[in-house]
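Please read all numbers here as calculations on a predicted model, not as lab measurements. Order of the sequence lines sets the chain letters (A, B, ...), proteins ahead of strands, with each chain counted from 1.
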Amino acid sequence: MDPKYGFNAVERKIQQRWAKQDCFTVNDDDPRPKYYSLCMWPYPSGDLHVGHLRNYAIGDVWARHKRMLGFNVLQPMGWDAFGKDAELKANKLGVHPAKWVKQNTANMRRELKELGFMIDWNRELNASNLKYYRWEQLLFVRMWEQNLVYYEPTKVLWDKATKTVTSRRDIDDGKVAKEDIEIKVMPAYLMRLREYANQLLDGLTQVNWPEKIIKDQQYLIGRSEGMTLHFALVGNAPVDALEVYTTRPDTICGVTYMAVAASHPLAQAAASDNPKLAKFCTQCEQTLPMDAGNPHTEKQGMPLDFTVVNPVSGKHVPVWVADYVVDDYGSGALMGVPAHDERDFKFATRYQIPIIRVINLDQQDPHRPITQAETSSGIAVNSGELDGLDLKGCVSKLEEMLGPDKARRDYGLSLRDWPINRHMYWGTPIPIVICSDCGRVPVPEHQLPVSLPNDFKHGPQALADHPDFAFCPCPRCGAKARRETDTMDTFVNSAWYFARFTCPDNSTQMIDNRAKRWLPCDHYFGGDEHAQGHLVYARFIHKVLRDLGLYPKGCGDEPFQALLCQGMVLGADGKKMSKSQDNTIMAKHILDCYGADTARLYIIGMGNPKDAYPWNEEHVKDHAMFLQNLWQLALKRRDQIAAGKEQKLAPELQLNLNKILNNIDRNLRDQHLNNLVFGGIHSIRNLIRDNADSAAMQYQGFMHLLKVMNLICPHIAEELWQQLGFEGLVIDSAWWPALTDADLHSATTVFVVQVNGKRRDQFEAPFDTDATELLELAQQRPNIARYISGKQIAKSKVIRQGNSHGLIFFALR
RNA sequence: GCCGAGGUGGCGGAAUUGGUAGACGCGGCGGACUCAAAAUCCGUUGUUAGCGAUAACGUGAGGGUUCGAGUCCCUCUCUCGGCACCA
């Protein structure tokens with residue numbers, strides 16, 4: 001054993017051993033119970049940064065622990081290699097994106113291996129590989145046939161500078177300049193997320209996720225309960241009735257105007273012979289989502305020449321076009337109830353529209369003046385037949401009065417269907433052929449895949465201008481036709497990769513029977529910045545795969561049983577790492593300077609996985625030092641360890657060890673992984689260090705210590721395991737059995753004595769000493785007698801906690 | 001505005017979910033070893049008073065429930081993260 005610990009030599013040696021013994025390969029038919037532990041696959045940006053390090057270190061602790069508990073653990077890895085960022089970067093460097101991806105994945109794979117993660121590299125996937133994306137095309141075709149994808153003009157944010165569709169996120173992040181954005185209506189391929197909205201909502205009750213993420217998902221889906229109501233139009237309107245959705249049908253008699261979105265047929269009809277109105281409508285439609293969306297901004301509108309009749313009160317109210325009406329929510333129209341809605345109140349105040357209270361709160365005077373929108377629920381007043389009813393009562397009454405044609409229960413969704421096409425080269429080609437006679441024809445399955453041509457040209461016209469790719473015969477009529485030259489969003493790639501990991505090598509089937517063995521994923525790890533969009537898409541596609549029969553039966557309704565969203569690693573300055581701030585830290589830096597084990601020990605010990613922490617290089621050094629010292633300690637105690645194998649640990653040492661082990665188990669259960677380092681590893685080390693005279697302690701201590709260390713810093717753990725004479729590999733050793741009450745039971749119990757809730761004394765006694773005797777003993781103690789003497793005891797009690805703690809309290813009158 | 005997380009020593013952070021607040025680590029102070037330094041080891045370290053046993057105070061602020069509150073309830077405040085005209 002080398003007297004000095006050299007992480008380089010140790011880590012290389014151990015990695016070679018793992019490779020030689022094929023430690024990370026996972027067999028589908030292994031008899032042990034399965035455990036599928038998945039970390040989000042990275043975008044191959046070039047180098048792993050410390051955020052990746054954190055994600056995979058956390059996942060690896062979990063996976064290794066499950067393995068030691070006797071599970072057959074699948075932990076795969078792949079590359080989210082398609083997408084705009086890769087295309088832009090490759091274009092800038094003047095190389096083919098495939099080449100760029102290849103270099104980067106090679107580099108990142110090497111770094112991941114150097115970090116010693118327990119990844120089955122036989123299952124590696126790459127989204128930009130034909131072997132992967134061909135199946136995505138099959139999925140698309142099947143979805144098209146089932147009308148789960150459709151083609152329709154949709155509003156997009158168009159970046160004039162790069163001539164691509166962009167996202168709100170990119171604008172918010174500053175990647176795209178706001179001045180370059182315009183709102184364009186472009187045809188899009190949309191996946192029917194809304195069709196699955198209720199399932200996506202229901203599924204959330206089945207998963208073990210952080211409450212926040214569940215709330216976010218619910219909010220994103222945004223289902224509200226309400227009614228759709230018909231208001232008859234009077235005069236020369238192009239249609240008979242205006243349909244609106246409302247969650248407050250009880251306020252129907254408070255309607256003093258109606259408002260429609262600028263793109264609503266009524267507004268468009270009115271604008272056709274009114275240039276001023278037309279201008280206003282265009283202006284509304286060009287408002288960027290981040291400029292709208294603020295409830296505090298002034299609402300703007302223009303009156304139309306239409307009037308509707310309130311179906312309950314019979315009153316006539318005007319129809320306006322207003323900029324705060326969202327065109328793709330409900331019917332793109334709303335009933336304006338200024339008394340009971342904040343936005344309507346603002347609008348009505350601005351345009352001097354009447355405000356009528358129809359809901360009374362707290363039995364106050366219904367005629368008092370209205371100074372602000374009263375949005376709480378209450379009882380209808382001033383509402384004719386609805387008077388005296390609450391919301392629920394109003395719903396029933398309206399159904400009864402107006403009948404299903406004019407009033408029906410309905411719900412609203414804020415979830416939009418998912419536009420999946422991008423005007424880019426670097427993505428999965430959409431398998432559609434556009435024929436002037438047949439329309440959009442899906443590529444027949446036997447003609448799949450549609451390969452991305454090898455010659456790369458950047459930009460939205462890349463494929464459209466490609467002579468070989470862009471044209472082909474129509475699969476239906478054989479006439480000369482054009483291919484769809486948009487490619488798919490990378491979110492599609494990452495919406496099913498977890499399923500393909502179960503059968504990455506199948507060249508004849510998208511997903512085979514092995515999926516049944518592995519799915520659903522037992523635990524999913526990733527950054528919470530991906531928490532909302534990606535999770536909805538992946539959950540949706542999972543359900544689609546199930547419904548289309550592309551899954552074997554029994555893969556579950558939800559793809560991810562448990563979820564951990566880890567916080568960010570911030571720069572040393574406490575700010576979000578970014579290139580512009582020049583505060584990014586690459587995994588390579590820490591790997592080169594301190595080694596994988598130190599890197600992992602630091603990143604796990606950093607703090608609660610859920611929270612964000614700034615980088616602190618000093619702390620990294622502390623951990624490096626810890627491993628150095630531990631190595632020395634092992635060296636010193638090696639002979640004792642051998643001797644201690646057959647010896648029994650003294651009871652109190654055993655108890656101390658058991659307490660730490662129990663703590664470790666609890667922290668693993670609660671995902672407080674940072675406590676494994678200080679409360680776990682350090683504590684066992686201290687026990688070993690401070691009990692040099694106990695050979696049994698040396699043996700037991702190191703054995704357990706190395707098992708915990710295997711989760712976090714596996715190389716040094718593996719090396720010491722062997723050097724200290726333990727059998728086999730630590731990675732294949734078994735975790736300790738769960739500790740029982742008996743294991744944590746001490747011979748003597750410390751009883752703390754409290755008087756009026758303040759700790760005044762403590763003494764030791766056998767755990768099961770009779771309660772009256774304990775009370776007596778406590779009262780006799782001078783320190784307690786001092787407080788109690790001469791006073792009356794109102795209450796006293798003995799509480800035994802756990803197995804080694806007791807509490808005696810006296811409450812004085 | 002809405003949703004969520006949080007505020008504990010000089011610092012990172014513990015606290016078995018209502019029961020000895022500050023585990024463990026870093027840093028500080030004192031000591032041993034050393035010509036000296038580094039490393040290592042031992043002791044000490046919330047604040048105040050006291051040689052001391054001990055006492056008072058102490059988990060963002062204020063109130064409440066309780067024999068007992070970092071933990072539960074109410075009010076306020078500050079920080080961070082996410083979402084935002086969804087009728």
Q.
I want to verify the glycosidic state of B:U16; is it syn or anti under the 90° rule?
A.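 Base orientation: anti.
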
Q: Specify the glycosidic conformation (syn or anti) of B:G46, with syn defined as within 90° of 0.
A: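 Anti, since the glycosidic angle lies more than 90° from 0.
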
Distance alone, cut at 3.5 Å: any donor-acceptor contact between the side chains of [X] and [Y]?
{"X": "A:Arg54", "Y": "A:Gln566", "result": "no"}
{"X": "A:Asn783", "Y": "A:Asp761", "result": "no"}
{"X": "A:Glu243", "Y": "A:His230", "result": "yes"}
{"X": "A:Asp743", "Y": "A:Thr740", "result": "yes"}
{"X": "A:Asn658", "Y": "A:Gln654", "result": "yes"}

Sub-3.5 Å pairs of nitrogen or oxygen atoms, protein against nucleotides 14-19 of chain B:
residue : atom : partner  : partner atom : Å
B:A14   : OP1  : A:Asn674 : ND2          : 3.1
B:A14   : O3'  : A:Asn675 : ND2          : 3.3
B:G19   : O2'  : A:Gln801 : OE1          : 2.5
B:G19   : O2'  : A:Gln801 : NE2          : 2.6
B:G19   : N2   : A:Gln754 : OE1          : 2.6

Q. Quick one: A:Ile688 CD1 to B:C24 P, roughly how many Å, whole number?
A.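 Rounding to the nearest Å, CD1 of A:Ile688 and P of B:C24 are 16 Å apart.
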
Q) Using purine N1 to pyrimidine N3 plus N6-O4 or O6-N4 for Watson-Crick, or N1-O2 and O6-N3 for G-U wobble, each under 3.5 Å, what pairs with B:G1? A)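 Pair assignment: B:G1 / B:C83.
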
Q. Do A:Trp418 and A:Phe491 have their ring centres less than 6.0 Å from each other?
A.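 For A:Trp418 and A:Phe491, the ring centres are not under 6.0 Å apart.
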
Q. Using the benzene-type ring in the case of Trp, are the ring centres of A:Phe347 and A:Tyr257 under 6.0 Å apart?
A.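 They qualify: ring centres under 6.0 Å apart.
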
Q | Within residues 209-219 of chain A: residues closer than 4.0 Å to RNA chain B (heavy atoms) | A |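 Within residues 209-219 of chain A, the residues near RNA chain B are A:Lys212, A:Lys215, A:Tyr219.
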
Q: Cation-pi check, A:Arg760 to A:Tyr787: give yes when NZ or CZ is under 6.0 Å from the six-membered ring centre and within 45° of the ring axis, no otherwise.
A: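 The answer is yes, since A:Arg760 meets both limits relative to A:Tyr787.
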
As a test of reading the structure: which of [options] is closest to the side chain of [X], going by heavy atoms?
{"X": "A:Asn783", "options": "B:A21, B:C26, B:U54", "answer": "B:U54"}
{"X": "A:Gln532", "options": "B:A87, B:G82, B:A23", "answer": "B:G82"}
{"X": "A:Arg760", "options": "B:C85, B:G25, B:A56", "answer": "B:A56"}
{"X": "A:Gln762", "options": "B:G25, B:U20, B:A87", "answer": "B:U20"}
{"X": "A:Tyr245", "options": "B:A87, B:U20, B:C24", "answer": "B:A87"}

Q.
So, OP1 or OP2 of B:A23: does either fall under 4.0 Å of a side-chain N or O from A:Ser683?
A.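 No, because none of the side-chain N or O atoms of A:Ser683 sits under 4.0 Å from OP1 or OP2 of B:A23.
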
Q. Hey, does the side chain of A:Tyr787 come within less than 4.0 Å of B:A55's phosphate (OP1/OP2), counting only N and O?
A.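 Checking A:Tyr787 against B:A55: at least one side-chain N or O falls below 4.0 Å of OP1 or OP2.
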
For the [atom1] atoms, the ones on [N] and on [M], what distance do you get once it is rounded to whole angstrom?
{"N": "B:G22", "M": "B:U47", "atom1": "P", "answer": "14 Å"}
{"N": "B:G63", "M": "B:C57", "atom1": "P", "answer": "14 Å"}
{"N": "B:C29", "M": "B:G64", "atom1": "P", "answer": "44 Å"}
{"N": "B:A23", "M": "B:G31", "atom1": "C1'", "answer": "25 Å"}
{"N": "B:A21", "M": "B:G70", "atom1": "C1'", "answer": "8 Å"}

(Q) Under 4.0 Å between a side-chain nitrogen and a carboxylate oxygen: does that hold for A:Arg248 and A:Asp341? (A)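 No salt bridge links A:Arg248 with A:Asp341.
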
(Q) If the threshold is 4.0 Å, N to carboxylate O, is there a salt bridge linking A:Lys212 and A:Asp216? (A)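 Answer for the salt bridge query: yes.
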
Just to be sure I understand the rule, does [X] reach a base, reach only the sugar-phosphate, or reach nothing, if contact means heavy atoms closer than 4.0 Å?
{"X": "A:Met606", "result": "sugar-phosphate"}
{"X": "A:Val325", "result": "base"}
{"X": "A:Ser796", "result": "nothing"}
{"X": "A:Ala333", "result": "base"}
{"X": "A:Asn686", "result": "sugar-phosphate"}

**Q.** Spacing of A:Asn616 atom CG and A:Leu570 atom CG [to the nearest 0.5 Å]
**A.**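 It is 12.0 Å, given to the nearest 0.5 Å.
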
Q. Atom NZ of A:Lys155 and atom CD of A:Gln286: how far apart are they, to the nearest 0.5 Å?
A.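 Atom-to-atom, A:Lys155:NZ and A:Gln286:CD are 8.0 Å apart.
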
Q. Which residue, A:Lys758 or A:His619, contacts RNA chain B at a nucleotide closer to its 5' end, judged by nearest heavy atom?
A.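 Mapping each residue to its closest nucleotide by heavy atoms, the 5'-most match is A:His619.
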
Q: Specify whether A:His623 and A:Tyr602 have parallel, tilted or perpendicular ring planes, treating 30° as the upper limit for parallel and 60° as the lower limit for perpendicular.
A: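 Answer is perpendicular, since the angle exceeds 60°.
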
Please write out the pairs of protein N or O atoms and N or O atoms of nucleotides 38-43 of chain B separated by less than 3.5 Å, giving the distance to one decimal.
residue : atom : partner  : partner atom : Å
B:U40   : OP1  : A:Asn629 : ND2          : 2.9

